[in-house]
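Each residue takes its place number in the sequence, starting with 1. Given the structure is predicted, the values throughout are model-derived calculations rather than measurements.
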Amino acid sequence: MKLKTTLTLVTASLFLAACDQSGTSDKNAQAANHSASSNNTFVYCTAKAPLGFSPALVMEGTSYNASSQQVYNRLVEFKKGSTDIEPALAESWEISEDGLTYTFHLRKGVKFHTTKEFTPTRDFNADDVLFSFQRQLDPNHPYHNVSKGTYPYFKAMKFPDLLKSVEKVDDNTVRITLNKKDATFLASLGMDFISIYSAEYADAMLKAGKPETIDHRPVGTGPFIFVDYKIDQAAQYVANENYWKGRTPLDRLVISIVPDATTRYAKLQAGTCDLILFPNVADLAKMKTDPKVQLLEQKGLNVAYIAFNTEKAPFDNVKVRQALNYAVDKKAIIDAVYQGAGTPAKNPLPPTIWSYNDEVQDYPYDPEKAKQLLAEAGYPNGFETDFWIQPVVRASNPNPKRMAELVMADWAKIGVKANPVTYEWADYQKRAKAGELTAGIFGWSGDNGDPDNFLSPLLASTNAGNSNLARFKNPEFDALLDKAIGLTNREERAALYKQAQVIAHEQAPWIPVAHSVGFAPLSPRVKGYVQSPFGYDAFYGVSVDGK
């Protein structure tokens, strides 16, 4: 099946123009020119534009799909379709007996990309690892404040407190020393925020007086080379001929931004999209029998939730938060919003992750109990509040607007008037982190397969004002997380996380609403694509049938 519509012609012409501008190496330029006239192109149609192309600066899956999943590598990475790690830029490592020192032996002969801005003069080495860590860790590093870097995920994973030192032993060896044991550390190194940048590229751009170039013109060691990005239209990539794992079967990759789900489906049927993100749940039944679609699915490692700003009245009152939990009819939300593609949530953790506490009893739908608790809290007639509506579809939530409508209607039945508020996505996140939030819809997908990756970023006190949007602060909860992360025995850790889930349930900083099923509607011509448990899309090893 050939790519045959206007979109493909447009993206092909954009791509050729981009190749003229980007100045890839001769070998890669030849591949780029060949691919523009071939059918060995993968078009990935996503719902929204990435917030950026620098994984250290963002905390958002669309941006990771456009950067770290294609352009970069990490010291360790997750096996395809798995939460298990495997060697990547580090080919081996040792851990000291006390669990505090990790010595990484780096892979030799790995090449960085050549682009218009940068031609590497050396292979990947320890200097690149040090740059990638120290930029985020050291406030005095020359790149720390470049691009207004706040390093949200680095902070969410508590790396500033965890890392004691990152040292170069020699060109091919790096030693990382921790301040305390962390059972999640190796898995965390497989996460997108700690992708490895080129220190040589950074030095060159700093000397040229344009250091921010490394953040919007990414250069990595990954399977695809970034070529160009047309704002709100498409990002273009070509195969890395020198990729250390071997060249990917695709000649080029186009990430096309198509906001409307119905349009994305039409493009998939027409053959102008090879994979679409976030299909309409109402279309899933048709997709299952559509000969122009191969539909993959798996249970998601995610949660959609309503966060209460626990520092603002009336949400600083636990009885108010509990009342609003009782007031929401989750079954109605699952039926109307997820339409069979989700399950009700009662914990911050999804049931697909170890240590999930199934003994927690969810708040049943009970408007009378909700009214009673509001009266006990001093709000017998209810109250009025703003309610923030997530402006984008995400893996955890196929229709935030419809969810909001149902929640606001439920709250109205107990006297709580919720006024809908929303902002553009980047502003929505920024304002929520700044503490402007009253109550609103959010979502989270796990990134390393460990329960700490939900509980710490989302609810630990240290992340209030970062990824803990509820600004929840509970010393007992924090102590359980701190103890658990220092243990190596999974059963012991699981027991502590189960206790933490009980506290989260009783204190109710959230309404955990749902866990979604992840769907991947593909063109029948696509081979080798595997869904990620983290909800990301990586295209190394994917091929397309050009017939």
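For the residue pair Q69/D192, the side-chain donor-acceptor check at 3.5 Å is satisfied. Residues Y497 and N357 have side chains that never bring a donor and an acceptor to within less than 3.5 angstrom of each other. At a cut-off of 3.5 Å, with distance as the only test, no side-chain donor of N302 or S396 sits close to an acceptor on the other residue.
Side-chain contact between L57 and T150: absent, with no pair of heavy atoms (C-beta onward) separated by less than 4.5 Å. Residues F133 and L189 meet the side-chain proximity criterion, which asks for heavy atoms closer than 4.5 Å. For the pair Q298/V517, no side-chain contact is recorded, criterion being any heavy-atom separation below 4.5 Å from C-beta on. Within the 4.5 Å cutoff, the side chain of V526 has no heavy atoms near those of the L275 side chain. Using a 4.5 Å cut-off on side-chain heavy atoms (C-beta onward), N453 and M191 make contact. In this structure the side chain of L349 reaches within 4.5 angstrom of the side chain of S355, judged on heavy atoms. Residues K48 and W425 meet the side-chain proximity criterion, which asks for heavy atoms closer than 4.5 Å. Side chains of N397 and S516 form no contact here, defined as non-hydrogen atoms less than 4.5 Å apart.
Considering only residues two or more places apart in sequence or on other chains, Y356 meets the ring-ring contact (aromatic ring centres under 6.0 Å, His included) condition with none of them. Under the ring-ring contact (aromatic ring centres under 6.0 Å, His included) criterion, W388 pairs with Y423, Y428, not counting sequence neighbours. Judged as a side-chain contact (heavy atoms from CB on, under 4.5 Å), and not counting sequence neighbours, the contacts of A66 are P50, F53, Y237, I255. Contacts of D482 classified as side chain to side chain donor-acceptor pair (under 3.5 Å), with partners at least two apart in sequence or in another chain: none. Scanning for ring-ring contact (aromatic ring centres under 6.0 Å, His included) contacts around H144 gives Y151, with sequence neighbours left out. For the ring-ring contact (aromatic ring centres under 6.0 Å, His included) test, no residue two or more places apart in sequence or in another chain qualifies with H105. Not a single salt bridge (charged side-chain N to carboxylate O under 4.0 Å, His left out) links E86 to another residue, sequence neighbours left out. Not counting sequence neighbours, the partners of I214 by the side-chain contact (heavy atoms from CB on, under 4.5 Å) test are F131, R135, Y143, Y197, Y201, A202, M205.
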Next on the checklist: Between K108 and D123, is the salt bridge (charged side-chain N to carboxylate O under 4.0 Å, His left out) condition met? List the steps.
Outcome noted: CA-CA 8 Å; K108 298 177 183 178; D123 290 349; over 6 Å; no
Item to check | S461 and D478: CA distance, side-chain angles, deciding distance, side chain to side chain donor-acceptor pair (under 3.5 Å) verdict | outcome: CA-CA 7 Å; S461 298; D478 292 338; 2.4 Å; yes
Checklist entry - For K473 and E311, what are the C-alpha separation, side-chain angles and deciding distance, and is it a salt bridge (charged side-chain N to carboxylate O under 4.0 Å, His left out)? => result CA-CA 9 Å; K473 297 176 183 176; E311 294 181 343; 3.2 Å; yes
Next on the checklist: Using the rule given for salt bridge (charged side-chain N to carboxylate O under 4.0 Å, His left out), can you reason through R493 versus D450, listing the C-alpha separation, both sets of side-chain angles and the distance that settles it, and then say yes or no?
Outcome noted: CA-CA 11 Å; R493 291 185 70 207; D450 194 281; 2.9 Å; yes
Checklist entry - Would L51 and Q429 satisfy side chain to side chain contact (heavy atoms under 4.5 Å, CB included), going step by step from the backbone distance to the final call? => result CA-CA 11 Å; L51 295 178; Q429 295 176 296; 3.2 Å; yes
Next on the checklist: side chain to side chain contact (heavy atoms under 4.5 Å, CB included) for R74 and L89? Distances and angles first, verdict last.
Outcome noted: CA-CA 6 Å; R74 289 146 289 285; L89 292 180; over 6 Å; no
Item to check | I511 vs K330, side chain to side chain contact (heavy atoms under 4.5 Å, CB included): CA-CA, chis, key distance, verdict | outcome: CA-CA 10 Å; I511 301 175; K330 292 182 186 176; 4.0 Å; yes
Checklist entry - Passes side chain to side chain contact (heavy atoms under 4.5 Å, CB included), T173 versus L106? Steps please. => result CA-CA 6 Å; T173 313; L106 307 182; over 6 Å; no
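Scanning all heavy atoms of the two residues, the minimum distance from Q136 to S132 falls at NE2-O, 3.3 Å. Residues A304 and M403 approach most closely at CB-CE, 4.4 Å, considering heavy atoms. The two residues P55 and Y64 make their nearest non-hydrogen contact at O-CE2, 3.6 Å. For the residue pair I353 and P451, the shortest heavy atom distance occurs at CD1-N, 3.6 Å. When all heavy atoms of N325 and F308 are compared, the pair lying nearest together is ND2-CE1, 4.1 Å. The shortest heavy-atom contact between N466 and A156 is ND2-N, 3.3 Å.
Atom CD of residue Q294 and atom CE of residue M287 lie 12.5 Å apart, to the nearest 0.5 angstrom. Rounding to the nearest 0.5 Å gives a distance of 11.5 Å between OG1 of T101 and CD of E94. Atom CD1 of I485 is separated from atom CE of M157 by 6.5 Å, given to the nearest 0.5 angstrom. Note that the OG atom of S54 and the CD atom of E212 stand 11.5 Å from one another [nearest 0.5 Å]. Here the CZ atom belonging to R175 is positioned 5.5 Å from the OG1 atom belonging to T103, to the nearest 0.5 angstrom. How far CD of Q501 is from CG of N347: 4.5 Å, rounded to the nearest 0.5 Å.
The stretch residues 153-190 participates, sequence neighbours left out, in these ring-ring contact (aromatic ring centres under 6.0 Å, His included) pairs: Y102-F185, Y153-F193, Y153-W444, F154-F159, F159-F185, F159-F193. Pairs engaging residues 460-494 under the ring-ring contact (aromatic ring centres under 6.0 Å, His included) rule: F472-F477 [sequence neighbours left out]. Sorted by first and then second residue, the pairs that involve residues 325-355 and meet ring-ring contact (aromatic ring centres under 6.0 Å, His included), not counting sequence neighbours, are Y326-Y363. Every pair passing side-chain hydrogen bond (donor to acceptor under 3.5 Å, both in side chains) that includes a residue from residues 76-85 is listed here, sequence neighbours excluded: N73-E77, S82-D84.
Surrounding NZ of K299 are at most 12 heavy atoms belonging to other residues, nucleotides or ligands under 6.0 Å away. By the neighbour-count criterion of 12 heavy atoms within 6.0 Å, atom CD of E424 is densely surrounded, having more than that number from other residues, nucleotides or ligands. Other residues, nucleotides and ligands contribute at most 12 non-hydrogen atoms within 6.0 Å of the NZ atom of K164.
Note on D182 versus K158: no salt bridge recorded, every NZ/NE/NH1/NH2 to OD/OE distance being 4.0 Å or above.
Just one of Y243, Y529, F224 meets the ring-ring contact (aromatic ring centres under 6.0 Å, His included) condition when paired with Y540; it is Y243.
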